[in-house]
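Here is the structure we will look at.
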Amino acid sequence: QKEVEQNSGPLSVPEGAIASLNCTYSDRGSQSFFWYRQYSGKSPELIMSIYSNGDKEDGRFTAQLNKASQYVSLLIRDSQPSDSATYLCAVIGGGADGLTFGKGTHLIIQP
Amino acid sequence: ETGVTQTPRHLVMGMTNKKSLKCEQHLGHNAMYWYKQSAKKPLELMFVYSLEERVENNSVPSRFSPECPNSSHLFLHLHTLQPEDSALYLCASSQEGVFGYGYTFGSGTRLTVV
């Protein structure tokens, strides 16, 4: 059973600070890694993808991947109240099984 | 219309009813998916279609029946559902088949079984 683990939170971060979200996965054959943002009552929205070890930056978002440790993280700099949402980590493995999602981390940015 | 469109947005049905959920993608993708999202559970993959052929079924009960008539349309036919089937049902599409990158999700259908 392929698993993706996230701390469900809530994670509370003051406005303007860095929010750090973490994710671990069980399948060493996993190839691609994604972060989705989901507002309450809405569908998931892709915000970052990463495929190789290291960091990938896009605006205020940085995704970090460490395949040896089977660990993916998302950093949000200069956090805004509009960043308050549930962040879903998702992984594609080596088989024909689509995206596997974690339960998500509920992030709250306090004004 | 752009992106992935799902209808209806909300559905209430009795356990003896038959209904269908519809999904349409306008992105030129060649793979489509049904996911189920229940409270406090991860998104669960139900069905995968690549090039209109069903690739993955993940042991979903037979009361859920998918149909993919072409690469742009996906249906989920529902019959004799149980109250525990109440959830948000999400359709998604991607390019590059079942190993596609960056799935695009529709807005979902909020299903309540009474």
Side-chain angles (χ1 to χ4, degrees), chain A residues 1-10 21-27 29-52 56 58 61 63 65 72 74 85-106, chain B residues 2-7 9-10 21 23 25 27 29-51 53-60 66 74 87-111:
Chain A
Q1 179 87 11
K2 298 174 183 176
E3 294 182 346
V4 177
E5 298 288 341
Q6 294 181 257
N7 188 325
S8 60
L21 305 164
N22 305 315
C23 170
T24 59
Y25 58 94
S26 63
D27 180 13
S30 298
Q31 302 174 354
S32 307
F33 308 85
F34 306 89
W35 284 98
Y36 282 80
R37 178 177 61 200
Q38 186 173 25
Y39 292 113
S40 180
K42 302 293 186 182
S43 61
E45 172 194 12
L46 179 66
I47 55 172
M48 287 290 288
S49 59
I50 186 166
Y51 312 115
S52 54
K56 178 181 177 183
D58 183 0
F61 298 99
L65 173 61
V72 193
L74 178 70
T86 296
Y87 288 80
L88 305 171
C89 176
V91 173
I92 284 185
D97 50 6
L99 271 177
T100 300
F101 283 85
K103 290 184 181 181
T105 297
H106 183 204
Chain B
T2 58
V4 180
T5 305
Q6 285 187 246
T7 55
R9 293 293 304 273
H10 300 274
L21 310 185
C23 177
Q25 60 99 358
L27 301 168
H29 288 166
N30 57 11
M32 297 186 77
Y33 313 83
W34 280 115
Y35 277 86
K36 175 184 178 183
Q37 188 173 36
S38 305
K40 303 195 185 298
K41 285 183 154 184
L43 277 159
E44 300 171 59
L45 179 63
M46 300 176 72
F47 300 103
V48 178
Y49 277 84
S50 174
L51 300 173
E53 294 293 322
R54 191 163 77 189
V55 176
E56 178 69 22
N57 180 0
N58 272 2
S59 303
V60 177
L74 185 64
L88 179 66
Y89 289 84
L90 290 161
C91 172
S93 70
S94 73
Q95 190 52 15
E96 301 180 77
V98 294
F99 303 103
Y101 301 103
Y103 294 11
T104 301
F105 284 87
S107 299
T109 295
R110 174 67 64 184
L111 173 67

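Chain naming here is simple, since letters A, B, ... match the order of the sequence lines and numbering starts at 1 in each. Only heavy atoms go into these numbers, but all of them, side chains included; no hydrogens, no water, no symmetry mates.
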For this session: Pick one of side chain, backbone, both or neither for B:Q37, based on which atoms fall under 4.5 Å of a heavy atom in chain A.
Result: side chain
For this session: Sort B:L90 into side chain, backbone, both or neither according to what part of it lies under 4.5 angstrom from a heavy atom of chain A.
Result: side chain
For this session: Would you indicate whether the side-chain heavy atoms of B:Y33 and A:L99 approach each other to under 4.5 Å?
Result: no
Exercise. Below 4.5 Å, heavy atoms only, C-beta onward: do B:L43 and A:P44 meet side chain to side chain?
Worked result: yes
Exercise. So what's closer than 4.5 Å to chain B heavy atoms on A:E5: side chain, backbone, both or neither?
Worked result: neither
For this session: Rounded to the nearest 0.5 Å, what's the gap from CD1 on A:I92 to OG on B:S94? Could you check?
Result: 7.0 Å
For this session: May I ask you to check whether over 12 heavy atoms, not counting those of A:K56, lie within 6.0 Å of atom NZ?
Result: yes
Problem set entry | Distance flag, aromatic centroids of B:Y103 and A:F34, threshold under 6.0 Å | no
Exercise. How close do B:G106 and A:S43 get, heavy atom to heavy atom, and via which atoms?
Worked result: O-CB, 2.8 Å
